[in-house]
Amino acid sequence: MGAASSSRILPHMTFNQNSASVCPRAKSMLTFFNTSQVSAHSNSKNEKSSVARGLCLSRPVQKDLDWRMFSSVGVCIYPSDELESYSHATEEKIGVILLNLGGPETLHDVQPFLFNLFADPDIIRLPRLFRFLQRPLAQLISVLRAPKSKEGYAAIGGGSPLRKITDEQANAIKLALETKEVPANVYVAMRYWHPFTEEAVHQIKRDRITRLVVLPLYPQYSISTTGSSLRVLRDLFRDDACLSRLPVAIIQSWYKREGYIKSMADLIEKELQFFPDPEEAMIFFSAHGVPVSYVEDAGDPYKDQMEECIFLIMQELKSRGINNDHTLAFQSRVGPVEWLKPYTDEVLVELGKQGVKSLLAVPVSFVSEHIETLEEIDMEYKELALESGIVNWGRVPALNCTPSFITDLADAVIEALPSAMAISTSNTTSEEAENDIVGYAIKLLFGSILAFILLLSPKVILAFRNYIP
């Protein structure tokens, strides 16, 4: 059975003072509202007529938010060398912004990178009353975790290759779009390291982009990945009158796309041929995990989308006569909370006990090589698998710049272009109150003192080291 060929473009949503809707399959979302309808066209010869219009960004819904729609007004202020506003641009300029995690490029970058990661409220979700502890807690965790993380990055060459690979993907997508007669500027926006999302958005303004497609490099949607990056974009758009009028289309997830599914199946089929008996190899999908609370309490669709993705890949393999057994597990858990199960390390041990001798690891939630493929899977999990009795080990490489994959992403961009709409944000008075400078300074001071006391406590340090791999 073939996979669906279209990406999931965020549906239009309407909010008012008396009602609130949420994104499909997610309970807590804040919306970017369409304030004007613009004529949209695509250079693609095969436009998808089913592309939905509208934008929705991941954000926990607060009961005290004012959901009134309003049109963005104000003066656009550009750098001194930019004299035209978006509304006066005489030439259509398409932009594509690629969203990714980011990674430390040197060992010196590891601790500040970890701080940025754990300071994200979509990574460590503190109760509202304790959010003032977010940054002090992030500082504490990053300091404690940095030594072991540096060992991991040292083992793969002293830094993450993610920026280099993402830059290569951006260039490849740009070239693929040009061959389809859709010239576009492609930007890289990392969440936790350079080039940060803010840097990419600044360059988009300087280039006077007139239509933008947001393409997360995460096939499946999660609050902690795509949702977190979109929240940053929302904040940037909220604070900029010009950006709120820029037509934007967001591709929320694209794990169903036929090109992606076939590209994954191609890699799996190729790697199976290296086993002594390809038909006997277990196909072991390992996906990045998320806390169970994200799924059960916040409505994160990640688990459902991941399971559906695996189903589609296996259906494609079966259509090629490949009927190997397969299983799915989740890796990279952190801290004392429960994460999605089964855990990758536990499943590897169990498979060894069951007598599995050949195993092909497939990093299904990653489209680029980075520490979780190069060190966690290739080193830690491989060693554990061999110790558990597995004799033949293989690993499917990340998609990186696989031509069929890049072509499919370019097609996704073209299909999304007609859905680009001008947007604005709702008036969030509660967030403005949270940003009160004096109140924030007091909370930060108190939190820093508390974190300092905790840092000096041997019992706390021991506890964190036990919980933080």
Side-chain angles (χ1 to χ4, degrees), residues 2-9 42-48 51 93-103 160-190 195 200 204 209 211-221 225-226 229 249-271 309 312-313 316 362-370 373-374 395-420:
S5 62
S6 61
S7 307
R8 180 171 177 174
I9 309 298
S42 170
N43 290 319
S44 172
K45 296 180 180 179
N46 300 307
E47 281 190 1
K48 301 290 184 179
V51 176
K93 297 189 67 174
I94 296 172
V96 180
I97 183 168
L98 305 181
L99 306 181
N100 210 336
L101 187 79
S160 173
L162 192 58
R163 178 173 184 175
K164 177 178 180 293
I165 295 172
T166 307
D167 285 343
E168 291 171 350
Q169 290 171 327
N171 186 60
I173 292 172
K174 178 181 175 65
L175 293 176
L177 288 170
E178 288 177 354
T179 63
K180 297 174 182 291
E181 299 182 352
V182 183
N185 291 359
V186 183
Y187 306 88
V188 172
M190 299 297 192
I204 286 170
I209 295 300
R211 191 177 300 272
L212 181 68
V213 175
V214 180
L215 176 59
L217 290 180
Y218 310 106
Q220 305 82 16
Y221 178 92
T225 53
T226 301
S229 291
I250 298 176
I251 302 175
Q252 184 183 24
S253 62
W254 40 269
Y255 66 96
K256 292 183 180 182
R257 292 191 61 85
E258 184 176 357
Y260 166 69
I261 295 298
K262 288 187 174 181
S263 296
M264 289 295 298
D266 289 343
L267 293 179
I268 294 171
E269 184 177 17
K270 180 180 178 180
E271 291 300 317
C309 179
L312 293 173
I313 293 173
E316 174 62 27
V362 184
V364 67
S365 56
F366 314 106
V367 300
S368 309
E369 300 289 2
H370 63 305
T373 59
L374 299 174
R395 202 263 285 180
V396 169
L399 288 163
N400 292 333
C401 290
T402 301
S404 59
F405 169 60
I406 294 298
T407 298
D408 190 57
L409 289 184
D411 288 339
V413 169
I414 294 171
E415 293 163 17
L417 279 171
S419 72

Original post:
Do Leu212 and Val96 come close enough that some side-chain heavy atom pair is under 4.5 Å?
Top reply: no
Original post:
Side-chain contact, heavy-atom cut-off 4.5 Å: Thr407 with Lys180?
Top reply: yes
Subject >> Spacing of CD1 belonging to Ile173 relative to CG belonging to Asp411, to within rounding of 0.5 Å >> reply: 11.0 Å
**OP:** Consider only side-chain N and O atoms of Ser368 and Asn400, and report whether a donor and an acceptor are under 3.5 Å apart.
**Re:** no
Original post:
Is it the case that Ser404 and Ser263 place a side-chain donor and acceptor less than 3.5 Å from each other?
Top reply: yes
Original post:
What distance separates Ile97 CD1 from Ile204 CD1, expressed to the nearest 0.5 Å?
Top reply: 4.0 Å
**OP:** Using a strict 4.0 Å threshold on nitrogen-to-oxygen distance, state whether Lys262 and Asp408 make a salt bridge.
**Re:** no
Original post:
Counting only N and O atoms by type, is there a donor-acceptor contact under 3.5 Å from the side chain of Ser160 to the main-chain atoms of Leu162?
Top reply: yes
Subject >> Residue pair Pro161 / Leu374, side-chain heavy-atom distance below 4.5 Å >> reply: yes
Original post:
Out of Leu99, Thr226, Val213, which residue meets the side-chain contact (heavy atoms from CB on, under 4.5 Å) rule with Ile251?
Top reply: Val213
Subject >> Whether Tyr218 side chain and Leu101 backbone form a donor-acceptor pair below 3.5 Å >> reply: yes
Original post:
What pairs with Phe405 under ring-ring contact (aromatic ring centres under 6.0 Å, His included), at least two apart in sequence or on another chain?
Top reply: Trp254
Original post:
Pro183 and Ile94: which non-hydrogen atoms are nearest, and at how many Å?
Top reply: O-CB, 3.9 Å
Original post:
So, Gln169 side chain and Cys401 main chain: donor-acceptor pair closer than 3.5 Å or not?
Top reply: no
Subject >> Gap between atom CD of Glu271 and atom CG of Asp266 - 0.5 Å precision >> reply: 12.0 Å
Original post:
Are side-chain heavy atoms of Met190 and Thr166 found at a separation under 4.5 Å?
Top reply: yes
**OP:** Any chance you could measure Leu175, atom CG, to Asn171, atom CG, to the nearest 0.5 Å?
**Re:** 4.5 Å
Original post:
Does any non-hydrogen side-chain atom of Cys309 lie less than 4.5 Å from one of Val364?
Top reply: yes
